[in-house]
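All remarks here apply to the structure that follows.
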Amino acid sequence: MATIDKRSKSGWRARVRIPGFGLKTRSFKTKAEAEKWARFTESTLRSGFDQAVDLEAEPTLAESLARYLKEETPLKKGAEQETRRIHAWMRWPGAARKLSDLTSQHFIEYKNARQA
């Protein structure tokens, strides 16, 4: 079953939940795009195939940190300190990896490098 929700002034969220496949969700700029994706995803899942992950649309750690720095950090009391910490994370070579590629081992390596 697909549902389409208005998320904000400029966005729509499509959610498809089919038993056995879990919840699939994605955000779009227009309602038409959300409906089209939901229909395609639902028909693909109902036919028994899970669609491949769209790796091009997935952000890197650096992109996610930059968005967090822009949207969330200014609202905090310790924004200055948090900004320095986020910039340190963004300088790390591993920040260029896609979020799904990161493992706990990457974060252990980052921690060890910072302690050295």
Legend entry - F40 vs E35 side-chain heavy atoms within contact, under 4.5 Å: no
Legend entry - NZ/K36: more than 12 non-hydrogen atoms of other groups inside 6.0 Å: no
Legend entry - S27 vs R7 side-chain heavy atoms within contact, under 4.5 Å: yes
Inset, instruction - Measure the CG-OG distance between L69 and S64 for me, rounded to the nearest 0.5 Å. - result: 12.0 Å
Inset, instruction - Kindly check if the number of other-residue, nucleotide or ligand heavy atoms within 6.0 Å of CD (E71) is above 12? - result: yes
Legend entry - Heavy-atom side-chain proximity of W37 to K24 below 4.5 angstrom: yes
Inset, instruction - Under the side chain to side chain contact (heavy atoms under 4.5 Å, CB included) rule, what do W92 and H106 come out as? Steps first, then yes or no, please. - result: CA-CA 11 Å; W92 175 50; H106 291 110; 3.9 Å; yes
Legend entry - Note, R97 side chain near T60 side chain (heavy atom, < 4.5 Å): no
Inset, instruction - Write down the atom of I86, the atom of Y68, and the distance for their closest heavy-atom approach. - result: CD1-CD2, 3.7 Å
Legend entry - Ion pair K76/E72, N-O distance below 4.0 Å: no
Legend entry - Straight-line distance of D5 CG to T25 OG1, nearest 0.5 Å: 8.5 Å
Inset, instruction - Would you name the heavy atoms of A34 and A14 that are closest together and state the gap between them? - result: O-CB, 3.7 Å
Legend entry - Main-chain N/O of A38 paired to T41 side chain as donor or acceptor, under 3.5 Å: no
Inset, instruction - Quick one: closest heavy-atom pair of W12 and K29, and the distance? - result: CD1-O, 3.7 Å
Inset, instruction - With the side chain counted from C-beta on, respond yes when R13 and I4 share a heavy-atom pair under 4.5 Å apart, and no when they do not. - result: no
Inset, instruction - Determine, stepwise, if the pair E63 / R67 fulfils salt bridge (Lys or Arg N to Asp or Glu O under 4.0 Å). - result: CA-CA 6 Å; E63 293 167 346; R67 181 176 174 191; over 6 Å; no
Inset, instruction - To the nearest 0.5 Å, tell me how far M90 CE sits from L65 CG. - result: 6.0 Å
Legend entry - Spacing of CD belonging to E80 relative to OG1 belonging to T83, to within rounding of 0.5 Å: 7.5 Å
Inset, instruction - Evaluate whether atom CZ of R114 has more than 12 neighbouring non-hydrogen atoms of other residues, nucleotides or ligands under 6.0 angstrom away. - result: no
Inset, instruction - For the pair V16 and R26, evaluate side chain to side chain contact (heavy atoms under 4.5 Å, CB included) and give the outcome as yes or no after the intermediate values. - result: CA-CA 9 Å; V16 176; R26 190 159 174 203; over 6 Å; no
Legend entry - Minimal non-hydrogen separation, A79 against P74, with atom names: CB-CA, 4.4 Å
